[in-house]
Amino acid sequence: MPFLTLSHIQKSFGGTRALTDANLSLHAGQVTALIGENGAGKSTLVKILSGVHQPDAGEIQLEGQAVRIDHPEHARELGISVVHQESVVFDNLSVAENMFVGDRPRERGWVSWRTMRQRAAEVLKQLDATFDPDAPAGSLSIAQKHVIQIARGLTRRARVLIMDEPTASLAHREVEELFGLTRKLSAAGCSVLFISHKFEEVFDIANRYSVFRDGASVGEGELAASSRDELIRLMVGRPVEQLFPKTPPELGEPLMRVEHLSRTGEFQDISFDVRRGEILGIYGLVGAGRTELAQVLFGLESADSGSIEVCGRRVAVKSVQEAVREGIAYVPEDRQTQGAILPFSIASNLALPNLTALAPRGWWSAQRETQLADEWVETLKVKTANTATVVQDLSGGNQQKVVIAKWLARKPKILILDEPTKGIDVGAKRAVHAVMDQFVHRGCAVIMISSDLPEILGMSDRILVMRRGRVRALFTREEATSEAVIRAATDA
Ligand SMILES: Nc1ncnc2c1ncn2[C@@H]1O[C@H](COP(=O)(O)OP(=O)(O)OP(=O)(O)O)[C@@H](O)[C@H]1O
Ligand SMILES: [Mg+2]
């Protein structure tokens, strides 16, 4: 008998039918992968299981008994532990406080800090985590924050562990650590639900799958008896071309040249150039200094020493305005907080960085705004009724697409993308790659930071590998193999 069963679940938000007929069963000691396109309803189901939303119809059974999961605390009492797609860790609280948030151990009415720290240390030890319960959560990496969320679940006995795209911003080694932990919990009898857009990971960690399309279940089974192509066909309803849409580059002169660039504590002595028509991939583990480098190139932070040239001219990129004036655009990894203005519509978000184009001579044109938005929604297949929808109401992956579109629409000379296809489904991933390819063929350059090895190998003309703030290797497309790139990125 399955440990947890969901039958015929329905859920609407206003006019949007997020789930129409969702079915799922989770078994003790098994890892089930939930897959589906952006907007298929995966996170909505997770929010129902974690007591954030109530279903409009349908039934949830736990060990054969119908249950109602009233609120998140109730879900935890039932042993359901969740790592949400948008990580909810409070940076200014300690690790232990985060683990017991809303649920601090008390003695005679008073919070017992000693018990809390002790219990936190026990759980962290169980997870082989090496960080201190007293450390401020803000000092941890994204990977470590995931561990806190899992640990939070384990402060109660976790019988169901749900992870909604936990690996989206993790590099190779951190994914392996997370999977090690997942296997351990699963072997101890926990039922695991794993959501990801990366098929290699699905086949690596899960033994069962369940596919959603447009809010309804369209298939489930054993992964051993299935193939990637078959899963994609179920998800999308048609086959998707899998090769990367990369055409031979036409390289021109260097557009950007960086020499001996350093920022204390973050990266040292970084030198590289990127030419017209080129995609330069930057690979490294989380913490290698890639994002910090991108932030300096875009004027969000300043370098302590070294130089940056654009089109052969030395520039001092001291602010974002200057970077934009030099034709540089940057799509940040943390698109939730740095990328989109969530309460604004898709159309306004796209219009914002493009006001000069939309308002020639100062006259803003609503028609042009809608036209621009329609074009990009179509290109990147954003799932929405229309471009007046507020970004907040889109699924995680569709929010990502809006932020990418917002900067692509600006037609910069040099485009810096940080984890461009994180959280994006297989069809849209291909669309983003195709846009990158067309972009460099217009004589522009792309700097692509990515932890997705197939993407790095599939799209880059050259690959720069960083480790602990330094350049460790530079490969041409021909030289690069996954082994060589991983070896350069890790200490081994
Ligand atoms: N609070 C909300 N208000 C309005 N619409 C919503 C809300 N939450 C989700 N939706 C809509 O419900 C649908 C399903 O969204 P959901 O987040 O479950 O998708 P998902 O499968 O998790 O996608 P992704 O892979 O992009 O994370 C989408 O069309 C989304 O816009
Ligand atoms: Mg989601």
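The analysis underlying the following values was restricted to heavy atoms, covering all of them including side chains, and did not include hydrogens, waters or symmetry mates. Residue indices begin at 1 and follow the sequence shown. One-based numbering, in listed order, for ligands and for the atoms of each. Since we're looking at a predicted model, the values are computed, not measured.
V82 places none of its side-chain heavy atoms less than 4.5 Å from the side chain of D164. Put simply, the side chain of I341 reaches to within 4.5 Å of the side chain of P343, judged on heavy atoms.
Of all atoms in ligand 1, numbered sequentially from 1 with element shown, those under 4.0 Å from a heavy atom of H197 are 25 (O). Each of the following atoms of ligand 1 lies closer than 4.0 Å to a heavy atom of E165: 25 (O), 27 (O). Near G397, the atoms of ligand 1 lying under 4.0 angstrom from a non-hydrogen atom of the residue are 24 (P), 26 (O), 27 (O). Atoms of ligand 1 lying under 4.0 Å from at least one heavy atom of L394, given by number and element, are 31 (O).
A salt bridge links D91 to K145: one of the charged nitrogens lies within less than 4.0 Å of a carboxylate oxygen.
Centroid-to-centroid, the aromatic rings of F244 and H433 come within less than 6.0 Å. Separation of the F179 and F194 ring centroids falls under the 6.0 Å cut-off.
Summary of contacts: the protein heavy atom closest to atom 25 (O) of ligand 1 is K42 NZ, 2.8 Å. Protein heavy atom nearest atom 17 (O) of ligand 1, with residue, atom name and distance: S395 CB, 3.4 Å. Here the heavy atom of the protein found nearest to atom 18 (O) of ligand 1 is T44 OG1, 2.6 Å. The protein heavy atom nearest to atom 9 (C) of ligand 1 is F13 CE1, 3.6 Å. In this structure, atom 12 (O) of ligand 1 lies nearest to the protein heavy atom A18 CB, 3.2 Å.
Taking only nitrogen or oxygen atoms, main chain and side chain alike, D393 reaches within less than 3.5 Å of ligand 1. Of the polar atoms of G41, at least one N or O is found under 3.5 Å from an N or O of ligand 1, judged by distance alone. Among the atoms of T16, none of the N or O lies under 3.5 angstrom from an N or O of ligand 1. Any N or O atom pair closer than 3.5 Å counts here, and A40 shares at least one such pair with ligand 1. Between N38 and ligand 1, a contact under 3.5 Å exists for at least one N or O pair.
Relative ring orientation between W407 and F298 is described as perpendicular, the plane-to-plane angle rising above 60° on a 0-90° scale split at 30° and 60°.
Here CG of L408 is found 13.5 Å from NZ of K401. Values are rounded to the nearest 0.5 Å.
No donor-acceptor distance shorter than 3.5 angstrom exists from the side chain of T16 to the backbone of A18, with no hydrogens or angles considered.
Neither side chain, H197 nor D425, offers a donor N or O lying under 3.5 Å from an acceptor on the other.
Within the structure, the closest approach of G39 to ligand 1 falls below 4.0 Å when heavy atoms are considered.
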Report the C-alpha separation of R208 and H27 in whole Å, then their side-chain angles, then the decisive distance to 0.1 Å, and conclude whether the side chain to side chain contact (heavy atoms under 4.5 Å, CB included) test is met. CA-CA 10 Å; R208 297 188 56 79; H27 302 258; 4.1 Å; yes
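S43 lies close to the Mg ion (ligand 2), since one of its N, O or S atoms is found at a distance under 2.8 Å.
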